[in-house]
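Report on one structure; see the data block that follows.
Proteins come first, then strands; the chains are lettered A, B, ... in the order of their sequence lines, and each starts at number 1. Bear in mind that the values here come from a model prediction, so they are computed numbers and not experimental data.
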2 protein chains.
Amino acid sequence: MSATTGTHLSEQSIARLIEESGDPTTATVARLMGAAADAFAEKGFHATTTRDIASRAGLSPAGVYVHFTSKEDLLFELSRRGHQTARDELVAAARAAQTPTDALRSLVGGFSAWHAEHHQLGRIVQYEFRNLSPEHRDTVLELRREIDKVVRGVLQDGVDSGEFEVEDIPGTALALLSLAVDVARWYSPEIRRTPEEIGRTNGDLAVRLVTRR
Amino acid sequence: MSATTGTHLSEQSIARLIEESGDPTTATVARLMGAAADAFAEKGFHATTTRDIASRAGLSPAGVYVHFTSKEDLLFELSRRGHQTARDELVAAARAAQTPTDALRSLVGGFSAWHAEHHQLGRIVQYEFRNLSPEHRDTVLELRREIDKVVRGVLQDGVDSGEFEVEDIPGTALALLSLAVDVARWYSPEIRRTPEEIGRTNGDLAVRLVTRR
DNA sequence: GTCTATAGAAAGATAGAC
DNA sequence: GTCTATCTTTCTATAGAC
């Protein structure tokens, strides 16, 4: 696990994110979650073996089960915390803004940048949802509803204030989320554009999509 | 496989699509591809077993291997044909239009509607790409490049004609594709909006995103 | 071209020593 | 809390009869 290998950089950054994310955890749990996030994002939940996760985290195959009851449990913890940080980011962006236009720009821009910066977690949040158990799905669904609500709220605020001109509010809200969410599908750390640039482009496009003219 | 079960409706519609899609195939192959498309879209490639595909198609587990050399081969055939019909749809929309604005509207609108109408195939095209073998990935990548090229071409046409005002052409092209592609993620046959309505909304939004003011 | 039967490999999870 | 060893199930794919 030396710093010179290079292959574990993103795993380490996720482990750091997990450790700093409120919810306190031990270093081993953070390392396991980082390893799992890397593997799930790279190959998908079902293509990832518990042996793979364990070895990425520097543990034996049995070592995983001391900290998580199942592979699905590991996915759930990642999905839950991913949804939480994504929602927190959105709510903070909406609160900090002075006008609906500012709010929408930093909402869609920030959410897009988040999906680039944390594209492993982003993929898990957006594309591994169906692999959660029914109970775990329900828990996460609650967080997803909050996210939708924030976007629709800002859209409605802008319509009320006269800044926005929107024909179909639910359809437009979905399109705005698509703009940000789909970043997790195409983003790769190798591309030229930085997460900040992506956020700026998509934030501007979002405003353009709804501004009255 | 009676018409009254209801559970095989989408499988049958994919089988019909496959049979009518140029590339001639036998009824059994079409049925197998329909079953696989259904299963892959519902549970993902790795979560789908060959037994599941065979039984959905009314065959024994061994029956699959008479027509396809492997599970991945079945995925490849679906991915290839899916990409082809998607590209054909896009090219036709671009050709039929009189102005860049019309072209963009029917391009993004049609592509969005396609991802709703054929959401099983759409999910396979967009989300199961990484499960192809390296050789098969290359084949499909060629079709993906054509799709990107059509979108950028229309965007450039509009900028040249003065109809469009675009700050960042590659970034905007990606955002326009996101609008359409992400439909495959959230669409479900149970929702209220029809594929046509989704296409109309997204086509209008696409035009709004780039029109000079 | 379809079947039954099964080979062979790999997976998730546990037992029990340390 | 971590290990080695392994149980049990399940999977892809093939063999060989019809």
Side-chain angles (χ1 to χ4, degrees), chain A residues 1 11 15 18-19 24-79 124 128 130-136, chain B residues 1 8 11 15 18-19 24-40 42-79 124 128 130-136:
Chain A
M1 195 59 86
E11 178 201 318
I18 295 294
E19 276 189 292
T25 48
T26 67
T28 305
V29 167
R31 201 147 38 83
L32 266 170
M33 291 182 73
D38 248 25
F40 289 161
E42 193 182 311
K43 313 197 286 188
F45 176 73
H46 274 103
T48 298
T49 67
T50 52
R51 287 174 156 78
D52 184 13
I53 296 167
S55 84
R56 282 181 199 238
L59 289 176
S60 74
V64 176
Y65 295 91
V66 177
H67 306 282
F68 296 92
T69 63
S70 68
K71 191 171 81 159
E72 190 273 343
D73 185 37
L74 199 34
L75 175 65
F76 171 59
E77 277 305 314
L78 282 168
S79 185
I124 290 164
E128 302 296 343
R130 63 177 166 195
N131 295 314
L132 293 169
S133 73
E135 298 76 27
H136 288 162
Chain B
M1 194 60 88
H8 292 94
E11 178 200 320
I18 295 294
E19 275 190 292
T25 47
T26 67
T28 306
V29 166
R31 203 149 34 83
L32 267 169
M33 290 181 73
D38 248 25
F40 290 161
E42 193 183 311
K43 315 197 286 188
F45 176 73
H46 274 104
T48 298
T49 67
T50 53
R51 283 176 151 77
D52 185 13
I53 295 167
S55 83
R56 283 181 197 239
L59 289 176
S60 73
V64 176
Y65 295 92
V66 177
H67 306 282
F68 297 92
T69 64
S70 68
K71 192 171 81 159
E72 190 272 342
D73 185 37
L74 199 34
L75 175 65
F76 171 58
E77 277 305 314
L78 283 168
S79 185
I124 289 164
E128 302 296 345
R130 62 177 166 193
N131 295 314
L132 293 168
S133 73
E135 297 76 27
H136 288 163

Nearest-Å distance, [atom1] ([X]) to [atom2] ([N])?
X     : N      : atom1 : atom2 : result
B:I53 : D:dT10 : CD1   : C1'   : 15 Å
A:L59 : C:dA13 : CG    : P     : 16 Å
A:R51 : D:dT6  : CZ    : C1'   : 10 Å
A:K71 : C:dT14 : NZ    : C1'   : 17 Å
B:L32 : D:dA13 : CG    : P     : 14 Å
B:Y65 : C:dC3  : OH    : P     : 14 Å
A:K43 : C:dA11 : NZ    : C1'   : 12 Å
B:D52 : D:dT10 : CG    : C1'   : 13 Å

Options C:dT4, D:dT4, C:dA13, nucleotide nearest the side-chain atoms of A:S70: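 Out of C:dT4, D:dT4, C:dA13, the nucleotide with an atom closest to A:S70's side chain is C:dA13.
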
Per A:V66 side chain, nearest of listed nucleotides C:dT4, C:dA13, D:dT2: D:dT2

If you round to the nearest 0.5 Å, how far is [atom2] of [Y] from [atom1] of [X]?
X     : Y      : atom1 : atom2 : result
B:E77 : B:H136 : CD    : NE2   : 8.0 Å
B:F68 : B:L74  : CZ    : CG    : 4.5 Å
B:K71 : B:F45  : NZ    : CZ    : 4.5 Å
A:L75 : A:I124 : CG    : CD1   : 7.0 Å

Would you say [X] places a side-chain N or O within less than 4.0 Å of OP1 or OP2 belonging to [N]?
X     : N      : value
B:H67 : C:dT2  : yes
B:T28 : C:dT2  : yes
B:T50 : D:dT12 : yes

Sugar-phosphate only, base, or nothing, as touched by A:T26 at under 4.0 Å among non-hydrogen atoms: nothing

Sugar-phosphate, base or nothing in reach of A:T49, heavy atoms under 4.0 Å: sugar-phosphate

With sequence neighbours excluded, residues passing side-chain hydrogen bond (donor to acceptor under 3.5 Å, both in side chains) with A:H67: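 A:H67: no side-chain hydrogen bond (donor to acceptor under 3.5 Å, both in side chains) contacts found.
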
Toward the 5' end of DNA chain C, by each residue's nearest nucleotide, A:P61 or B:A62: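 Comparing both residues, the 5'-ward one is B:A62.
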
